[in-house]
Amino acid sequence: MALHLTKVAFGATSYEHLEGRLRERAEAGPLFLTTRYLPKRHEEIAGEGSLFWILKHMLVARSPIVGFGEAEGGRVAILLGPMVRVQPRPKRAHQGWRYLEAGDAPPDFGEGDYDAEAMPAALTAKLSALALI
């Protein structure tokens with residue numbers, strides 16, 4: 001089973017804002033994040049795992065982790081694929097990244113499953129916190 005990472009989408013105000021920021025960065029070249037240390041379990045993550053984004057205490061999206069590389073200043077680059085929206089799930093904010101087991105990862109929204117106008121984000125968050133969706 002794949003292992004994933006979670007990270008707070010710092011500064012993002014909405015899913016659309018996060019999506020736009022990542023799209024702009026991808027247009028400038030390969031999309032990656034930097035971190036100080038290579039995750040100890042990186043072999044379980046690369047090519048199969050994803051980076052799940054936390055926005056307003058909810059897992060809202062994931063970016064497949066293509067691999068790991070070197071970045072400037074001796075840092076590690078986490079190479080990412082295009083972002084995929086997932087079914088919102090509560091998750092406390094934290095600094096840096098944390099591991100997320102595959103069984104705890106929220107499922108993706110399929111084609112046509114998500115309609116941004118259908119339900120307000122606040123209601124989705126409350127229903128998700130009550131484990132109703």
Side-chain angles (χ1 to χ4, degrees):
M1 292 181 83
L3 183 66
H4 308 288
L5 297 176
T6 61
K7 180 168 177 36
V8 174
F10 183 76
T13 57
S14 66
Y15 172 84
E16 291 76 17
H17 183 222
L18 174 62
E19 184 179 42
R21 280 187 0 192
L22 293 178
R23 187 175 40 248
E24 286 176 13
R25 289 184 59 190
E27 289 171 359
L31 180 59
F32 65 93
L33 297 175
T34 60
T35 185
R36 193 175 302 168
Y37 302 108
L38 179 68
K40 290 181 182 178
R41 299 174 68 184
H42 68 277
E43 292 176 353
E44 297 175 65
I45 299 169
E48 294 184 28
S50 291
L51 178 76
F52 280 81
W53 294 100
I54 301 170
L55 182 64
K56 298 180 182 176
H57 302 283
M58 299 289 289
L59 293 172
V60 296
R62 67 178 183 85
S63 295
I65 297 176
V66 178
F68 296 90
E70 294 181 20
E72 291 181 19
R75 296 178 65 86
V76 175
I78 303 174
L79 307 170
L80 302 175
M83 196 166 71
V84 176
R85 192 168 212 148
V86 299
Q87 295 178 15
R89 181 157 305 158
K91 181 71 174 169
R92 292 182 64 174
H94 53 74
Q95 289 185 334
W97 48 261
R98 298 287 184 271
Y99 292 113
L100 178 68
E101 298 292 334
D104 297 329
D108 294 349
F109 273 111
E111 285 296 316
D113 285 348
Y114 182 77
D115 180 7
E117 304 299 319
M119 192 179 315
L123 179 57
T124 300
K126 287 181 182 179
L127 292 174
S128 183
L130 295 170
L132 296 173
I133 58 171

note = With sequence neighbours left out, the residues meeting side chain to side chain donor-acceptor pair (under 3.5 Å) with His94 are Thr6

task = Applying side chain to side chain donor-acceptor pair (under 3.5 Å), name anything that partners Glu44, two or more places apart in sequence or on another chain.
result = Arg41

ask   = So if you build clusters from Ile, Leu, Val, Met, Phe, Trp, Tyr with side-chain heavy-atom gaps below 4.5 Å, do Leu5 and Val84 land together?
value = no

query = Do the side chains of Leu18 and Leu79 join up, straight or via other hydrophobic residues, at under 4.5 Å, putting them in one cluster?
reply = no

Show me the donor-acceptor pairs, under 3.5 Å and distance only, between side chains in residues 19-26 and residues at least two apart or in other chains.
residue: Arg21; atom: NH1; partner: Phe10; partner atom: O; Å: 3.0
residue: Arg21; atom: NH2; partner: Phe10; partner atom: O; Å: 3.1
residue: Arg25; atom: NH2; partner: Phe32; partner atom: O; Å: 2.5

note = Tightest non-hydrogen contact, residues Val76 and Arg36, listed as CG2-O, 4.4 Å

Atom pairs and distances, donor-acceptor, side-chain atoms in residues 61-70, under 3.5 Å, two or more places apart:
residue: Arg62; atom: NE; partner: Asp108; partner atom: OD1; Å: 2.8
residue: Arg62; atom: NE; partner: Asp108; partner atom: OD2; Å: 3.4
residue: Arg62; atom: NH1; partner: Ser50; partner atom: OG; Å: 2.9
residue: Arg62; atom: NH2; partner: Asp108; partner atom: OD2; Å: 2.8
residue: Ser63; atom: OG; partner: Trp53; partner atom: NE1; Å: 3.0

task = Check which hydrophobic residues are tied to Val8 through side-chain heavy-atom contacts below 4.5 Å, counting indirect links as well, and list them.
result = Phe52, Ile54, Leu59, Val86, Leu100

task = Report the C-alpha separation of Arg85 and Tyr15 in whole Å, then their side-chain angles, then the decisive distance to 0.1 Å, and conclude whether the side-chain contact (heavy atoms from CB on, under 4.5 Å) test is met.
result = CA-CA 9 Å; Arg85 192 168 212 148; Tyr15 172 84; 3.2 Å; yes

task = Go through Glu101 and Leu3 one step at a time and tell me if the side-chain contact (heavy atoms from CB on, under 4.5 Å) criterion holds.
result = CA-CA 5 Å; Glu101 298 292 334; Leu3 183 66; 3.6 Å; yes

message = Can you pull out every salt bridge (Lys or Arg N to Asp or Glu O under 4.0 Å) where at least one residue sits in residues 48-61? Sequence neighbours excluded, please.
response = none

request  = Could you tell me the separation between the CH2 atom of Trp97 and the CD1 atom of Ile78, rounded to the nearest 0.5 Å?
outcome  = 7.0 Å

ask   = If you round to the nearest 0.5 Å, how far is CZ of Arg98 from NZ of Lys91?
value = 9.0 Å

task = Using modelled atom types only, decide if a donor and an acceptor are shared between the side chain of His42 and the backbone of Leu38 within a distance under 3.5 Å.
result = no

